[in-house]
Every structure is written in C-alpha cells, then in structure tokens.
Amino acid sequence: MSLIVDVFICRQDNYGYLAHDPATGRTAAIDAPDAGAVTAALERRGWSLTDIFITHHHADHTEGIADLVAAHGATVTGPRAEADKIAGLDTPVSPGDTVSLGSARFAVIGTPGHTLGHIAYYDAENQVLFTGDALFSLGCGRMFEGTPEPMWAGLMALRALPDETLVYCGHEYTLANARFALSVDPGNATLVARAAEAQTQRDEDRFTIPARLGTEKQANPFLRADSPEMARAMKLEGADPAAVFGALRKAKDNFS
Ligand SMILES: [Zn+2]
C-alpha cells in the first residue's frame, strides 16, 4: 500500500493523474490530456515523470505525449491494438499483460467499446483502478467503436474487482451521469445517496473522483445491465444483459 495518486482537472473536464511509487521515485502520468497541466502537477509534487500509461487513442488523452516525452524522456505504454493511432508508443501492451511502475504492478484489463483497443490499469495491492473513458462514476463511455457484447464483458471484468477498489476515470461527468442514472433507476437508494454526495462535492468545488467500486456496482446503471430493474426500465425483461446494456447506452446517448 504505497502508491500515491495525484488528481487534477485539465482541458475542460478531463482528469489528469500522476501515480507515484515512493520506493523508487517512478512516476506515471495516466493518459496525457495536457502536457502543461501534467508538468504543473509534477512541479507541485516535486516528482519526475518516468512513464506515461495510455488508455486509448482519443486526442484528449494523447495530445500531451510528444511534449511530455520531449521534456522528461518518459516511456510511453499503451494499447497494442491502437498502436497505429498513438504516436510515440514505446511499449505496446495487451489485456492480460502486467505493467510495472517501480514496485507497483498494474494488470492490463481489456475494456473495448468506447474504442476497440481501450484498456484499464489495475493495481491490486494498492486497490487503484484507472478506467480512462471505459467506466465513469455512475456512467460509462459512449460506445464509439464495436458492439454492446464486448463492452459489457469489459465492464463485467471491472465489476469483478474488489469493492474497496478506487476508480480513477477520465472525466468529471458524475453529475450529468447521475441525472440519467436517476431517470432509469429512481428507486435505488445507493444511487440517490451517491448523486447527493456528488452534488455536494461539486458545490464545494471538490472532485467526485476517486469513486469506490463497491458503490458503483450498486449505483451505476451500466454495471447493472443484468439486474431485473434495468431490464424492466429498458422494457427488455428476459433479454440478454448485453442487449439491456446496449439499450441503456443508446438511451443515455439520447438523454438530455
Ligand atoms: Zn475517449
């Protein structure tokens, strides 16, 4: 239990993260939304960047890579399946691989659907999960690439992790996600409580992240596509959970 995570907002609503292993001094930026914001966080902490862990190819997660590498000489790790879309990738990894940051170990988990090659990074010892745009608090990423089945399978792999796991996701979308979640699951007491907590956090200008995975399992509709409540909300009782998930995702796309 030694990894330190620094959290900051950059661009509009992207989360930037630094993961720091005190034993070795190794420090990773999780995604590279904004080189200036990452560098400011490094200076604030007095840490030196050694690594960049990329979750997926979108520009708001990769645009800072070139400037960060030029300034710090960091090693860039990211999804092998998107290697042709991520300039400067040094170490391509696939689901099932392990990535080291000094004494910390991250399992690479496949979370396709927002993009086909999207990966999450999970440190079991420190109970830290970086989900990029695959899983948000009370929501999930828009399904830009692929079909509901593999996206639902990836979210189930995240759901299988321990309740105590802290979820660090790619965007501050929690309040907007809460509005949709409450529209499909209004009787869910855990959701009502989490939505109220997030409102207080934002009112006080605090982050809603990290989220506790145990709470997400109970409150996030996209982790509950196999529940009777979500099937009923989508008028898909008895249907395959992946179909319920796909319907939820489509309903969220059209929700305002
Ligand atoms: Zn994205």
Side-chain angles (χ1 to χ4, degrees), residues 5-19 28-38 40-41 52-65 68 78-79 82 85-86 109 111-122 128-146 151 154-155 158-159 165-183 191 194-195 197-213 215-216 219-223 245 248-249 251-256:
V5 179
D6 187 83
V7 182
F8 52 98
I9 288 271
C10 50
R11 301 176 76 106
Q12 280 280 78
D13 49 29
N14 280 76
Y15 272 114
Y17 299 114
L18 295 175
I30 314 304
D31 285 330
D34 179 331
V38 173
I52 302 172
F53 296 167
I54 298 294
T55 61
H56 67 296
H57 68 79
H58 285 161
D60 64 319
H61 296 255
T62 56
E63 256 175 18
I65 291 176
L68 287 171
E82 299 183 356
K85 298 191 178 81
I86 302 170
I109 301 173
T111 50
H114 179 68
T115 65
L116 276 179
H118 194 297
I119 55 176
Y121 296 90
Y122 171 57
V128 166
L129 174 65
F130 294 106
T131 60
D133 290 356
L135 176 69
F136 300 124
S137 182
L138 302 183
C140 73
R142 195 174 277 255
M143 194 176 72
F144 285 117
E145 302 176 10
M151 189 165 185
L155 290 177
L158 300 183
R159 192 178 69 175
T165 305
L166 294 177
V167 178
Y168 294 86
C169 60
H171 291 272
E172 177 56 68
Y173 287 163
T174 310
L175 287 184
N177 288 338
R179 282 191 287 279
F180 172 75
L182 287 166
S183 79
L191 168 59
R194 170 60 176 149
E197 175 192 53
Q199 184 67 58
T200 301
Q201 287 168 323
R202 295 312 289 153
D203 287 348
E204 295 174 354
D205 216 22
R206 289 186 284 136
F207 305 144
T208 66
I209 301 305
R212 189 174 165 276
L213 187 58
T215 305
E216 293 299 316
N220 187 328
F222 296 98
L223 296 180
F245 171 77
L248 279 167
R249 189 52 262 178
K252 173 69 164 67
D253 290 346
N254 299 321
F255 185 80
S256 54

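Just so we're clear, the structure is a prediction, and the values are computed from it rather than from any experiment. Side chains are part of it too, since the values below use all heavy atoms of this structure and drop only hydrogens, waters and symmetry mates.
- Looking at Phe136 and Val167, their side chains never come closer than 4.5 Å, going by heavy atoms from C-beta outward.
- When atom types are taken as modelled, the side chain of Arg212 and the backbone of Glu216 share no donor-acceptor pair closer than 3.5 angstrom.
- Atom CD of Gln12 has 12 or fewer heavy atoms from other residues, nucleotides or ligands within 6.0 Å.
- Every residue two or more places apart in sequence or in another chain was checked for a ring pair (Phe, Tyr, Trp, His ring centres under 6.0 Å) with His57, and none qualifies.
- Residue Tyr15 is tested with Ile209, Ile30, Asp31 for a side chain to side chain contact (heavy atoms under 4.5 Å, CB included); the sole match is Ile209.
- Under a 3.5 Å cut-off, the side chain of Glu82 and the backbone N or O of His56 do not form any donor-acceptor pair.
- Looking at every heavy atom in both residues, Cys10 comes nearest to Gly16 through SG-N, 4.1 Å.
- Here the closest heavy-atom approach between residue Leu129 and residue Ala120 is recorded as CD1-CB, 4.2 Å.
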Could you walk me through whether Asp133 and His58 pass side-chain hydrogen bond (donor to acceptor under 3.5 Å, both in side chains), step by step?
-> CA-CA 10 Å; Asp133 290 356; His58 285 161; 4.6 Å; no
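- Among Leu158, Val128, Thr131, Thr165, the single residue meeting the side chain to side chain contact (heavy atoms under 4.5 Å, CB included) criterion with Tyr122 is Thr165.
- Between the CG atom of Leu191 and the OG1 atom of Thr215 there is a distance of 11.0 Å, given to the nearest 0.5 Å.
- When all heavy atoms are compared, the tightest approach of Ile52 to Ala32 is CG2-CB, 4.3 Å.
- Considering only residues two or more places apart in sequence or on other chains, Tyr168 meets the ring pair (Phe, Tyr, Trp, His ring centres under 6.0 Å) condition with Tyr17, Phe130.
- Cys140 is listed as a side-chain neighbour of Met151, based on a closest heavy-atom distance under 4.5 Å.
- For Leu138 against Ala219, the heavy-atom pair with the smallest separation is CD2-CB, 3.7 Å.
- Residue pairs satisfying the salt bridge (charged side-chain N to carboxylate O under 4.0 Å, His left out) criterion with at least one member in residues 136-145, sequence neighbours excluded, are listed as follows: Arg142-Asp253.
- Between Phe245 and Leu155 the shortest heavy-atom distance is CE1-CD1, 3.4 Å.
- Atoms OG1 and CD1, on Thr111 and Ile119 in that order, are 7.5 Å from each other to the nearest 0.5 Å.
- Between Gln199 and Asp203, some side-chain heavy-atom pair lies under the 4.5 Å cut-off.
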Evaluate the criterion side chain to side chain contact (heavy atoms under 4.5 Å, CB included) for residue pair Thr55 and His118; output intermediate values, then yes/no.
-> CA-CA 6 Å; Thr55 61; His118 194 297; 3.9 Å; yes
Report the C-alpha separation of His171 and His61 in whole Å, then their side-chain angles, then the decisive distance to 0.1 Å, and conclude whether the ring pair (Phe, Tyr, Trp, His ring centres under 6.0 Å) test is met.
-> CA-CA 10 Å; His171 291 272; His61 296 255; 5.5 Å; yes
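- Rounded to the nearest 0.5 angstrom, Ile65 CD1 and Ile54 CD1 are separated by 3.5 Å.
- The shortest distance between side-chain heavy atoms of Thr208 and Glu197 does not fall below 4.5 Å.
- In this model, a donor atom of one side chain and an acceptor atom of the other lie less than 3.5 Å apart for Arg194 and Ser137.
- At a threshold of 4.5 Å between non-hydrogen side-chain atoms, the residues Phe222 and Phe180 count as touching.
- Residues Asp6 and Ala41 come closest through the heavy atom pair OD2-CB, 3.9 Å.
- Using a 4.5 Å cut-off on side-chain heavy atoms (C-beta onward), Leu135 and Leu223 make contact.
- In this structure, the side chains of Asn14 and Asp34 stay at 4.5 Å or more apart for every pair of heavy atoms.
- The CZ atom of Phe207 lies 11.5 Å from the OG1 atom of Thr174; values are rounded to the nearest 0.5 Å.
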